[in-house]
Enquirer: 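Have a look at this one.
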There are 2 protein chains.
Amino acid sequence: MDTSLDMKSSGMKNKRPTLQDVANLVGVTKMTVSRFLKNSDQVSPPLRIKIKEALDDLGYIPNRAPDILSKSKSHAIGVLLPSLTNHVFAEVIRGVESILEPAGYQTMLAHYGYSQEAEESRIATLLSYNVDGLIISESYHTERVRKMLSVAGIPVIEIMDSTSPPIEQAIGIDNQAAAYAMTECMIKKGHTKIVYFAARMDQRTLLRLQGYKAAMHDNGLTEMCISTDSASSFSLGEQFMKEALEKQPDTDGIFCTNDDLAIGALFACQKAGIKVPEEMGIAGFHGHDIARVMVPLLATVITPREEIGRLAAEHLLSRLKGNPVTEKVINLPFKIEPGESI
Amino acid sequence: MDTSLDMKSSGMKNKRPTLQDVANLVGVTKMTVSRFLKNSDQVSPPLRIKIKEALDDLGYIPNRAPDILSKSKSHAIGVLLPSLTNHVFAEVIRGVESILEPAGYQTMLAHYGYSQEAEESRIATLLSYNVDGLIISESYHTERVRKMLSVAGIPVIEIMDSTSPPIEQAIGIDNQAAAYAMTECMIKKGHTKIVYFAARMDQRTLLRLQGYKAAMHDNGLTEMCISTDSASSFSLGEQFMKEALEKQPDTDGIFCTNDDLAIGALFACQKAGIKVPEEMGIAGFHGHDIARVMVPLLATVITPREEIGRLAAEHLLSRLKGNPVTEKVINLPFKIEPGESI
DNA sequence: CCATGAATTGTTACCTGTAACATTAGCATA
DNA sequence: TATGCTAATGTTACAGGTAACAATTCATGG
């Protein structure tokens, strides 16, 4: 018996009870209580009852901190995304959690608002909590980020795009091919003066823009792009639509880097009395739920967002079990949904 | 010099470098490196240069685990919400992070899918990571949850609703009053056969339902509710609309517990050729971005979701600084936006 | 009645950063 | 030169759970 035990059981601050507190109450060492919690078979039946009572009585809450410190196993996975409010990433998160949560892993979410500087700092923060693995997005990372990831010695999976060479493993879609396919689809439907709407010029938007440009070029059509660095929104789509009609009054098609812009553009047409798709074809990207109920149904590229999250989590868990990377790049299929708006 | 140092600097696994590794490289004790990191003034100028080089060289990443263990200060805040994909909660999260992130706190998000059992387990998990404070939603908690929270000894803030008595502090709106106000607004516009659409019968939906019922009753009208326990979606709104017209063909108003259902219902009317608002008034709840651009503009209750998150985070930080709870309940205003759909 | 071994409980050490205290070096003043 | 003081660095202990090893108990069989 060391004297500090008496200190703890006496007055003091009302600090959260530790295994030692429980052990004191029962009259055993904390090791015995620890055994009870991990595998009660190792403890004699009479003690089991007393320990259970003491745990309930004190309201003992397990503490991961010592484990994290001594084994560097936090059972937490860091997920770093550009934005948390964007519904696309919200669905990725849902996919990730649907796998991690039943596996007993806690998700630590962070976002960096498309800033590389913020990305560095968020990754350092996640690593400072000893996350067991990381799911990150984008594919361009600073040297410091790459160094941190390599030094950390934990599995890393990059998600959303499947074209750039991954650090270790990437899961996503071919954004450029998807944009090419949708643009071609619009062209086949008879649209020729197609304008591309882009917000937040991140890597994936740029890849889609390239796909659009390639398709226009291959069909002998002239490209035109309206873009901004600020965040995308429904009202931005409305605003861009007006801008497009001013700059190029005979515009007959709009391809947007996401559904938010497309929906905004579509409503702008409705307000202006422009018939969709007769006078104006409009297509979005990602397959927002609303696109599947609205009138007219929005043409969009349906992307497997939730599956990207699920797969990323599954592959991460597999690697945490010690399995090697089997496929460096997992390229998931997208689907062109013509809807009624092109 | 203890021998374990030599072990570390030799081969072994490529474990993430510790302060000890950096110290070995420089030829000082880890305490000196620790001082450099916290306050480089305490280290002599020549050493500063060598330590900085060693840190960069090894790619040292700070480790919060020891701090969490010895001071139980994790600089992480747990945020527990019913759902992460719902845009309402996504905006709450944005508000929370806008305050916590600049203050140097990491957000640990968790969700419980409206299940009380899951809530218990998620709170235990968050506490096991020694979060410094908790932001939780709903107001009904099991005895075990209340015990855990009291034992944990950290500040807790409940968000979203402002009517139930809080554990410590609550920040939100009066859902019942908001629903009452919107129902009255619909009645004043001439709608009388108003049906309430509800999904996921959580506490806030029930409060809104009560507000709707009270308003109908006070105006001598007959209430009718269509509901389900499953999650809300745009297509569910469509389906409910059909159901309402079957059960009560002369329905002339729909008040939905959220905008998703309302938007689905509105598109269902468009498809069925029912004029909104002439033949059918439709109102939602929360003020989804899309409600402000769509045609017709959706009537909705605009709620300060982001501000709820911001305020919760601010009050939590204030309490972490040792300030007492000043206002047990913070009741934020909502705004009835009639739009063009009622 | 003691040896053997299984079952149960105890002891020690460890993980990493840092607070608190201790020591040493360096320099100025009496 | 001794004294006192500051600046710079070192030493020790600690947080809480658990792996690894040690000790104790108790029953069983020879």
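All heavy atoms count here, side chains included; hydrogens, waters and symmetry mates do not. Each chain gets a letter, A, B and so on, in the order the sequences are listed, and its residues count up from 1.
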Enquirer: Can you check the A:Gln42 CD to C:dG10 C1' distance for me, whole Å?
Expert: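 Rounded to whole Å, this separation is 14 Å.
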Enquirer: Less than 3.5 Å apart, any donor N or O on the side chain of A:Glu327 or A:His315 sitting next to an acceptor on the other?
Expert: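 A:Glu327 vs A:His315: no donor-acceptor pair found between side chains.
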Enquirer: Considering every strand and a 4.0 Å limit on heavy-atom distances, what is the contact class for B:Thr29: base, sugar-phosphate, or nothing?
Expert: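 Base, at least one base heavy atom under 4.0 Å.
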Enquirer: Could you pull out all residues at least two apart from B:Ser70 that satisfy side chain to side chain contact (heavy atoms under 4.5 Å, CB included)?
Expert: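 B:Ser70 satisfies side chain to side chain contact (heavy atoms under 4.5 Å, CB included) with no other residue.
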Enquirer: Can you name the residues that form a side chain to side chain contact (heavy atoms under 4.5 Å, CB included) with B:Thr142, not counting sequence neighbours?
Expert: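 For B:Thr142 the side chain to side chain contact (heavy atoms under 4.5 Å, CB included) partners, ignoring immediate neighbours, are B:Gln116, B:Glu120, B:Arg144, B:Val145.
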Enquirer: Round to a whole Å and report the spacing from CG of B:Leu47 to P of D:dA8.
Expert: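 So the two atoms are 10 Å apart, to the nearest Å.
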Enquirer: For B:Lys71, give me all partners under salt bridge (Lys or Arg N to Asp or Glu O under 4.0 Å), at least two apart in sequence or on another chain.
Expert: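 Salt bridge (Lys or Arg N to Asp or Glu O under 4.0 Å) list for B:Lys71, sorted by chain: B:Asp67.
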Enquirer: Could you check whether A:Val33 gets within reach of a base, just the sugar-phosphate, or nothing at all, counting any heavy atom under 4.0 Å?
Expert: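 Contact class for A:Val33: none.
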Enquirer: Which whole-number value in Å describes the distance from B:Ile61 CD1 to C:dT16 C1'?
Expert: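 That distance rounds to 14 Å.
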Enquirer: So, using side chain to side chain contact (heavy atoms under 4.5 Å, CB included) as the criterion, who are the partners of A:Leu58 when residues are at least two apart?
Expert: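 A:Leu58 satisfies side chain to side chain contact (heavy atoms under 4.5 Å, CB included) with A:Pro17, A:Asp21, A:Val22, A:Leu25 only.
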Enquirer: Quick one: salt bridge (Lys or Arg N to Asp or Glu O under 4.0 Å) partners of A:Arg305, sequence neighbours excluded?
Expert: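 Per chain and number, A:Arg305 pairs via salt bridge (Lys or Arg N to Asp or Glu O under 4.0 Å) with A:Glu91.
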Enquirer: Tell me, which pairs form a salt bridge (Lys or Arg N to Asp or Glu O under 4.0 Å) where one or both residues lie in residues 41-53 of chain B, sequence neighbours left out?
Expert: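 Only B:Lys52-B:Asp56 qualify under salt bridge (Lys or Arg N to Asp or Glu O under 4.0 Å).
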Enquirer: Might you list the N or O atoms of the protein lying below 3.5 Å from N or O atoms in nucleotides 18-22 of chain C, with each pair's distance?
Expert:
| from | atom 1 | to | atom 2 | distance (Å) |
| --- | --- | --- | --- | --- |
| C:dT18 | OP2 | B:Ser34 | OG | 2.6 |

Enquirer: Any residue in residues 123-134 of chain B with a heavy atom nearer than 4.0 angstrom to DNA chain D? Just list them by number, or reply none.
Expert: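 Heavy-atom cutoff 4.0 Å gives no residues at all.
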Enquirer: Is it the case that the side chains of B:Ser318 and B:Asn323 hold a donor-acceptor pair, with the cut-off being a distance below 3.5 Å and no angle test?
Expert: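 Side-chain D/A pair, B:Asn323 to B:Ser318: present.
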Enquirer: Is the phosphate of D:dT9, meaning OP1 or OP2, less than 4.0 Å from a side-chain N or O of B:Ser44?
Expert: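 So the side chain of B:Ser44 is within the cut-off, an N or O lying under 4.0 Å from OP1 or OP2 of D:dT9.
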Enquirer: How long is the line joining CZ of A:Arg64 and C1' of D:dT18, in whole Å?
Expert: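 Taking atom C1' of D:dT18 as the reference, CZ of A:Arg64 is at 14 Å.
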Enquirer: If you check every side-chain atom of B:Pro66, which of C:dG17, D:dT9, D:dG17 has the closest atom?
Expert: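 The closest nucleotide is C:dG17.
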Enquirer: What is the distance, to the nearest angstrom, from the NZ atom on A:Lys50 to the P atom on C:dT8?
Expert: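 It works out to 16 Å between those atoms.
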Enquirer: D:dG17 phosphate, OP1 or OP2: any side-chain N/O from A:Tyr60 under 4.0 angstrom?
Expert: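 True: A:Tyr60 side-chain N/O within range (under 4.0 Å) of D:dG17 OP1/OP2.
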Enquirer: Would you please name every residue forming a side-chain hydrogen bond (donor to acceptor under 3.5 Å, both in side chains) with B:Tyr129, sequence neighbours left out?
Expert: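 Expected list: A:Arg64.
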Enquirer: To the nearest Å, give me how far apart CG (A:Asn39) and P (C:dT8) are.
Expert: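 Rounded to the whole Å, the gap is 11 Å.
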Enquirer: Hydrogens and angles aside, do A:Asp132 and A:Ser74 bring a side-chain donor and acceptor to less than 3.5 Å of each other?
Expert: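 Side chains of A:Asp132 and A:Ser74: pair found under 3.5 Å.
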Enquirer: For B:Arg319, which residues count as a salt bridge (Lys or Arg N to Asp or Glu O under 4.0 Å) partner, sequence neighbours excluded?
Expert: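 Expected list: B:Glu168.
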Enquirer: In whole Å, what is the span from the NZ atom of A:Lys73 to the P atom of D:dA19?
Expert: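 Going from A:Lys73 (NZ) to D:dA19 (P), I get 14 Å.
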Enquirer: Considering every strand and a 4.0 Å limit on heavy-atom distances, what is the contact class for B:Ile68: base, sugar-phosphate, or nothing?
Expert: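 Since no nucleic acid heavy atom lies under 4.0 Å of B:Ile68, the category is nothing.
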Enquirer: Can you tell me the distance, in whole Å, between the CD1 atom of B:Ile51 and the P atom of D:dA8?
Expert: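 My rounded result for the distance is 12 Å.
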Enquirer: Determine which pairs satisfy side-chain hydrogen bond (donor to acceptor under 3.5 Å, both in side chains) with at least one residue from residues 95-112 of chain B, sequence neighbours left out, and list them in order.
Expert: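 Listed by first then second residue: A:Glu97-B:His111, A:His111-B:Glu97, A:Arg122-B:Glu101, B:Glu97-B:Thr107, B:Tyr112-B:Ser137.
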Enquirer: Work out how much the helix from C:dC1-D:dG30 to C:dA30-D:dT1 bends between its end axes, five pairs an end, to the nearest 10 degrees.
Expert: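 Computed angle between terminal axes is 70°.
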